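The sequence lines fix the lettering, A, B, ..., with proteins before strands; numbering per chain opens at 1. Since the structure is predicted, the reported quantities are computational estimates derived from the model, not experimental observations.
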Number of protein chains: 2
Amino acid sequence: MSRHDIYALLCPGRAVFELLANKWTGLAVTALADGPRRFGELRRKLEGVSPKVLTATLRRLEDNGLVLRTVHAEVPPRVEYELTALGRGALEPLAHLRSWVRAHVDDFGPAVR
Amino acid sequence: MSRHDIYALLCPGRAVFELLANKWTGLAVTALADGPRRFGELRRKLEGVSPKVLTATLRRLEDNGLVLRTVHAEVPPRVEYELTALGRGALEPLAHLRSWVRAHVDDFGPAVR
DNA sequence: AGCAATGGTTCCCTTTGGATAGTAAGGGCC
DNA sequence: GGCCCTTACTATCCAAAGGGAACCATTGCT
């Protein structure tokens with residue numbers, strides 16, 4: 001039962017939902033939509049993210065199989081992040097959400113906060 | 001420009017996105033899908049939420065026009081929460097995300113965190 | 001008087017998020 | 001040789017959000 005009730009504390013679906021329902025996760029995944037990106041690129045694209053939090057976000061995505069992290073043994077270092085098949089799948093509902101937001105931004109008050 | 005770049009710090013769309021991309025917000029909105037619900041009902045449905053956090057979540061949704069809060073002057077008190085038209089709109093992409101999660105839970109490792 | 005029901009609020013502690021500074025390693029420059 | 005440049009982080013410290021437990025106000029019931 002709890003296996004199918006996303007509101008249940010122990011439902012695995014809820015854990016996945018909470019992984020995606022995060023301030024930076026959604027932005028990070030969609031930022032990888034068009035192919036591999038380097039750490040610094042993402043850092044600049046996701047305005048306001050600190051390196052620590054970006055690292056944590058990407059690591060969490062990597063641990064959950066949404067993102068592949070490739071370290072190139074060069075100097076200066078080059079690390080590339082790209083979506084896995086699972087990550088590309090998650091892109092779809094995330095992009096859907098994003099496009100809804102885009103279409104309805106103006107329905108929100110000026111102090112969206 | 002920043003008006004259309006969800007990654008920009010000042011983009012209103014990003015603020016809306018961050019409102020929805022929250023651990024409890026998505027669950028709360030979908031929990032209201034089938035009509036008005038009372039505080040206690042939501043509290044029981046969203047397993048693990050503390051009254052303080054539930055209050056804050058609902059207030060934020062109310063402030064942003066997604067939820068309507070109605071206090072009935074009775075004893076014991078009765079407070080009902082229901083989605084506004086805007087909230088019902090947000091339901092759609094959220095439900096989409098939820099159904100994707102449902103379909104792909106098993107693609108995630110056993111330690112989804 | 002005491003208890004139950006409801007929708008919170010208050011206090012305190014833990015977890016998470018965020019800002020800033022520092023580190024390692026090699027290459028180019030002088 | 002000594003110095004700086006770049007990159008992708010870690011380390012440290014502090015603020016904000018999340019979470020647990022207790023308490024409150026009101027009225028009816030027993």
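Ring-plane geometry between B/Trp100 and B/Phe108 is classed as perpendicular, the angle between the planes exceeding 60 degrees on a 0 to 90 degree scale with a lower cut at 30.
Contacts of B/Arg43 with the nucleic acid, taken as non-hydrogen atoms under 4.0 Å apart, are absent. Backbone-only engagement by B/Lys23 is indicated by non-hydrogen atom pairs under 4.0 Å involving sugar-phosphate atoms exclusively.
Ranked by how close their nearest DNA chain C nucleotide is to the 5' end, A/Ser50 and A/Pro76 are led by A/Ser50. Heavy-atom nearest nucleotides on DNA chain D were determined for A/Val75 and for A/Arg69, and the one closer to the 5' end corresponds to A/Val75.
Within the 4.0 Å cut-off from OP1 or OP2 of D/dA17, not a single side-chain nitrogen or oxygen of B/Asn22 is found. At D/dA8, none of the side-chain N or O atoms of A/Arg78 fall inside 4.0 Å of OP1 or OP2 (strictly under the cut-off).
Note: CZ (A/Arg59) to P (D/dA8) measures 12 Å, nearest angstrom. For A/His72 and C/dA25, the NE2 to C1' distance is 17 Å, given to the nearest whole Å. Atom P of nucleotide D/dA8 and atom CZ of A/Arg44 are separated by 8 Å, given to the nearest angstrom. Computed from coordinates, the B/Leu58 CG to D/dG18 P distance equals 13 Å when rounded to whole Å. Atoms CZ (B/Phe39) and P (C/dG8) sit 5 Å apart, rounded to a whole Å. A/Leu54 has its CG atom 13 Å from the P atom of C/dA19, to the nearest Å. Rounding to whole angstrom units, NZ of residue B/Lys52 and P of D/dA16 are separated by 14 Å. The nearest whole Å value for the distance from the CD atom in A/Glu74 to the P atom in D/dC9 is 13 Å.
Atom OG1 in B/Thr30 sits 7.5 Å away from atom NZ in B/Lys45 (nearest 0.5 Å). Atom NZ of B/Lys52 sits about 12.5 Å away from atom CG of B/Leu54, to the nearest 0.5 Å. Taken from CZ in A/Arg102 to CZ in B/Phe17, the straight-line distance is 12.5 Å, to the nearest 0.5 Å. Note that OG1 of A/Thr84 and CZ of A/Arg69 are 15.5 Å apart. Values are rounded to the nearest 0.5 Å.
Of all nucleotides listed (D/dA8, C/dG18, D/dT10), C/dG18 comes nearest to the side chain of A/Trp24.
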